[in-house]
Amino acid sequence: MIEKYDPEKVELKWQKYWEEKEIFKTPNDFTKKKFYCLEMFPYPSGKIHMGHVRNYAIGDVIARYKRMRGFNVLHPMGWDAFGLPAENAAIEHGVHPAKWTYENIEYMKRQLKRMGFSYDWSREVTTCEPEYYKWNQWFFLKMYEKGLAYRKASFVNWCPSCATVLANEQVVDGGCWRCDTEVIQKELPQWFLRITAYAEELLQGCEELLEGWPEHVVTMQRNWIGKSEGVEMDFPVADSELKIRIFTTRPDTLWGATFVCLAPTHPLAEKLTKDRSKLERIKSKYGMMEEKEGLFTGRYAINPMNGEKIPIWVANFVLMEYGTGAIMSVPAHDQRDFEFAKKYGLPIRVVIQPEKGKLKEPLEEAFEEPGVVVNSGEFSGLNSDEAKKRIGEFIEAHGLGEVKINYRLRDWGISRQRYWGTPIPIVYCDSCGIVPVPESQLPVMLPENVTLTGKGESPLSQIEDFINTTCPSCGGKAKRETDTMDTFVDSSWYFLRYCTSKESEPLQTEALHYWMPVDQYIGGVEHAVLHLLYSRFFTRVLRDIGILDFSEPFKNLLTQGMVCKETIKCPLHGWLLPDEVENNRCIKCGSEVQRGRVEKMSKSKKNVVDPDYLIKKYGADTSRLFSLFAAPPEKDLEWSDQGIEGAHRFLGRVWNLVQVNADPLRNTKDRPVHINKNNEKLARKVHQSIKKVTEDIENRYQFNTAIAAMMELFNELSSFRPSSNEDWSVMRFGVRTLLLLLSPFAPHITEELWEVIGESPSILQQPWPEWDEALAKEPEIELVIQVNGKVRAKEIVPAGLSDDELRQRALSSERIKKFINGKPIKKVIVVKGRLVNIVI
RNA sequence: GCGAGAGUGGCGGAACUGGUAGACGCGCUGGACUUAGGAUCCAGUGGGAUAACCCGUGGGGGUUCGAGUCCCCCCUCUCGCACCA
């Protein structure tokens with residue numbers, strides 16, 4: 001009687017072994033070839049979810065595989081530990097954010113260890129520790145020195161009732177998430193990082209990324225940066241010295257400008273508008289997308305191109321943050337201007353005609369395409385592209401303005417009116433003004449004694465001990481900055497911190513130059529823009545202050561799909577858990593339930609699967625294997641209860657096969673492997689499997705097909721009946737190979753069975769198997785014979801026949817003769833070693 | 001609206017540069033072993049016709065000896081951006 005597969009017993013045994021022997025510890029041995037495998041670190045929200053399991057299972061396969069291939073692999077893990085949920089927990093349950101965070105970390109760390117991921121925990125990074133955030137502050141000071149960090153007034157979401165600043169995700173339908181009061185925009189001085197200084201470089205850098213990043217992510221980065229070329233020029237205000245500077249990408253439509261629009265917060269809007277209450281009303285509608293609203297200032301501007309007097313309006317859809325905060329409006333050729341002109345009865349003048357035909361007036365919508373310029377003085381008759389160029393030159397030559405490039409990308413506002421974050425190392429002194437905290441005084445510690453209420457401007461401003469300080473410059477009384485940093489700052493460089501050991505400072509260039517850049521980064525697409533862009537920005541800043549010698553932090557990026565599951569909905573009780581349903585009816589009210597769509601797992605939709613439950617029921621190996629087998633990594637994965645049973649069954653079969661044959665396997669020597677008539681098919685399959693699995697991992701991270709190949713190998717092994725020592729040598733070769741191939745996917749069971757067949761641990765320290773191309777080749781092929789493109793016969797023929805021989809074989813086939821039936825043959829196509837197509 | 005991606009058996013998914021569509025798994029059917037089996041093992045499984053055969057990769061055209069794969073048009077779904085002048 002063989003031992004039954006008991007995942008928990010096996011997994012705990014090997015996890016203990018790995019930990020005791022420090023198998024996952026990565027030496028800083030700078031002479032070996034390196035591989036840096038990084039997965040996005042989690043926010044310690046409480047427990048890991050299936051998204052984490054999938055993400056980290058993918059990363060672990062890559063890390064273990066690369067290690068077996070002989071690389072010195074850096075595979076670290078840490079915690080994105082600052083953030084809002086910790087503060088909410090404090091407000092709701094009275095537990096200190098630090099306590100809440102560290103307890104969550106402890107729990108989740110145990111879960112990750114229980115999954116058997118091969119992390120070097122000695123390099124663990126926790127961003128809320130002073131040793132970590134000290135460097136956030138250090139980078140901030142460096143940026144301040146270089147003029148890359150600056151302070152300016154900006155708007156925040158403000159709840160008048162709670163008297164507090166709200167994050168975007170705390171604004172629900174324009175109201176406060178807690179009290180539903182309407183959220184208003186309040187202006188506060190805040191700190192910004194000048195990412196726009198790197199806009200062009202970040203855009204150019206996208207070229208370099210294309211090799212290793214998914215194209216759609218690169219596109220998203222490009223769009224986010226949003227480069228547009230145009231001109232900036234002044235429109236003088238009639239009867240005054242004032243000028244309105246506008247930006248346009250369509251200088252070819254200048255003659256079609258029939259009014260000018262200012263953003264409601266534009267400085268001239270106040271100056272030019274008589275009716276202040278109306279202006280305030282427009283301001284309150286700023287950025288509301290539903291309806292365009294405007295206000296005529298009563299003043300006019302002069303179009304410098306044709307001297308025309310056109311009205312100046314204030315419009316809610318004009319953004320102060322982009323361009324100059326003012327636009328010329330060409331309703332005939334811009335849909336937004338068109339809608340605005342229609343609403344307020346402003347003139348619409350066509351100045352671009354399509355290449356073919358003529359626009360029908362009055363227009364029903366704006367004609368936005370390029371075309372031929374008309375009604376535009378000396379520029380009439382040119383096409384749009386030519387006109388843009390010539391008008392741009394004209395404007396510059398006459399000092400009316402300049403050709404200009406604008407970016408959609410804006411500077412990064414990092415101030416948060418929050419407690420649980422990195423204090424911004426700045427002091428305000430009555431006599432010296434803004435004074436940076438000297439490096440020697442870092443870190444500016446986050447005080448512990450805080451009461452969080454969720455009210456008031458910034459929690460730190462309540463703590464007298466914290467705010468009151470002395471000016472580093474004059475020694476007089478001064479007050480500290482009370483805002484903390486956006487947590488994206490923490491995640492913009494954490495991958496550097498892993499490179500050095502925990503005791504040392506993070507900016508040792510030797511270690512950084514050896515490990516960086518990250519060879520493979522893995523995470524969700526939700527970070528396709530911000531986190532990745534900020535990291536690319538930080539990397540460049542650090543390069544420019546001489547710490548790094550490259551620009552792109554992540555060479556290859558893999559964005560894994562979401563983990564989804566079917567949802568169930570009761571017409572009365574909403575989303576239901578699977579065990580709230582019996583015979584397709586809700587157990588509460590008996591109504592028939594709707595088996596809903598497959599959606600991303602989320603607690604609110606009650607379609608989650610808890611990793612703890614899976615580990616308990618099936619073990620870590622099965623959980624990992626299924627999440628890698630059910631779909632290719634970048635696609636969404638649909639959860640299936642039967643699917644995981646299948647994965648579990650497979651491991652169980654592998655277990656049984658090895659256990660049943662344990663004695664002969666153990667008593668067979670590894671080499672030589674004797675191939676004979678009886679076992680050559682299996683031997684070939686082994687070589688083919690090594691090839692397939694290796695290529696699937698190496699070339700395209702196709703873990704699902706790699707696993708399928710291992711299942712095929714297993715099927716071959718389990719139907720093999722060894723009858724001689726030679727057979728056993730091949731059997732052992734096959735089992736040994738299967739265990740090695742499977743070990744990155746299911747590390748525990750393979751480690752155990754590795755020992756069962758008489759090998760010594762750890763399987764992770766074994767070299768990856770290699771295949772022999774000659775032995776992987778099939779001696780015979782199945783020749784497909786088509787007549788007029790339809791398969792009519794299949795024949796087994798020796799491999800390596802010439803085209804001519806294949807043609808002869810095809811034409812002499814009895815079945816094929818019937819189809820040809822004496823008709824003349826027009827053509828015969830031979831696909832080498834595969835197929836013959838006879839055209840009649 | 002713009003941009004990207006995807007539509008293949010009952011289901012998840014295979015199919016490298018155009019060359020046997022449906023690998024592998026799930027489910028289903030039949031059988032074996034069992035007091036029993038929702039455990040395990042064996043066999044079968046795209047649809048249709050009792051066989052030779054016909055039809056099949058969202059729909060419609062096209063290129064080709066040959067199309068899931070290439071080109072054009074259309075439909076559906078998912079994701080991202082969304083007044084960026």
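Naming convention: chains lettered A, B, ... in sequence-line order (proteins, then strands); numbering from 1 in each chain.
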Does the A:Ser384 side chain pair with the main chain of A:Gly371, one donor and one acceptor, at a distance under 3.5 Å? yes
Kindly confirm or rule out a cation-pi arrangement of A:Lys292 over A:Phe317, judged by NZ or CZ under 6.0 Å from the six-membered ring centre and within 45° of its axis? yes
NA contact type, A:Lys790, heavy-atom cut-off 4.0 Å: base, sugar-phosphate, or nothing? sugar-phosphate
Are A:Lys817 and A:Glu814 close enough for a salt bridge, meaning some N to O gap below 4.0 Å? yes
Do any N or O atoms from the side chain of A:Arg250 and from the backbone of A:Glu368 form a donor-acceptor pair under 3.5 angstrom? yes
Donor on one side chain, acceptor on other, A:Ser228 and A:Asn406, under 3.5 Å: no
Is there a donor and acceptor pair closer than 3.5 Å between the side chain of A:Lys292 and the base of B:rC83? yes
When the distance from NZ of A:Lys4 to P of B:rU40 is rounded to whole Å, what number comes out? 9 Å
Using Watson-Crick and G-U wobble pairs whose two distances are both under 3.5 Å, how do you write the pairing of RNA chain B as dot-bracket, with | for links to another strand? (((((((..(((......[....)))((((((.......))))))(((....)))..(((((..]....))))))))))))....
Sugar-phosphate, base or nothing in reach of A:Asn699, heavy atoms under 4.0 Å: nothing
Assign A:Asp636 to base, sugar-phosphate, or nothing according to its heavy-atom contacts below 4.0 angstrom with the strands shown. sugar-phosphate
Heavy atoms only, 4.0 Å cut-off, all strands: where does A:Phe338 land among base, sugar-phosphate and nothing? nothing
Taking the basic N atoms (NZ, or NE/NH1/NH2) and the acidic carboxylate oxygens, is any pair closer than 4.0 Å for A:Lys283 and A:Glu293? no
Which part of the nucleic acid, if any, lies within reach of A:Gly226 when heavy atoms closer than 4.0 Å are counted: base, sugar-phosphate only, or nothing? nothing
Rounding to a whole Å, what distance do you find between A:Tyr322:OH and B:rA85:P? 4 Å
Taking atom C1' in both B:rU69 and B:rU20, what distance in whole Å separates the two? 15 Å
What nucleic acid atoms does A:Arg410 come within less than 4.0 Å of, heavy atoms only: base, sugar-phosphate, or nothing? base
A:Asn704 near the nucleic acid: base, sugar-phosphate alone, or nothing, with a heavy-atom cut-off under 4.0 Å? sugar-phosphate
Classified by glycosidic angle (syn within 90° of 0, else anti), B:rG9 comes out syn
May I ask you to say what A:Glu339 touches in the nucleic acid, namely base, sugar-phosphate or nothing, with a heavy-atom cut-off under 4.0 Å? nothing
So, are A:Arg245 and A:Glu402 salt-bridged, with charged N and O less than 4.0 Å apart? yes
So what does A:Thr248 hit on the nucleic acid, given a heavy-atom distance under 4.0 Å: a base, only sugar-phosphate, or nothing? sugar-phosphate
With sugar-phosphate meaning primed atoms plus P, OP1 and OP2, does A:Glu782 contact a base, only sugar-phosphate, or nothing at under 4.0 Å between heavy atoms? base
Heavy atoms only, 4.0 Å cut-off, all strands: where does A:Val318 land among base, sugar-phosphate and nothing? base
Counting N and O atoms only, with roles assigned by atom type, does the side chain of A:Arg349 sit under 3.5 Å from a partner on the main chain of A:Gly256, one being a donor and the other an acceptor? no
Pick the C1' atom in B:rG27 and in B:rC16, then give their distance to the nearest Å. 30 Å
Look at all strands and tell whether A:Val784 reaches a base, only sugar-phosphate, or nothing, counting heavy atoms closer than 4.0 Å. base
Mind calculating the distance between NZ (A:Lys827) and P (B:rC65) to the nearest angstrom? 5 Å
Which is true for A:Ser228 with a 4.0 Å heavy-atom rule: it touches a base, it touches only sugar-phosphate, or it touches nothing? sugar-phosphate
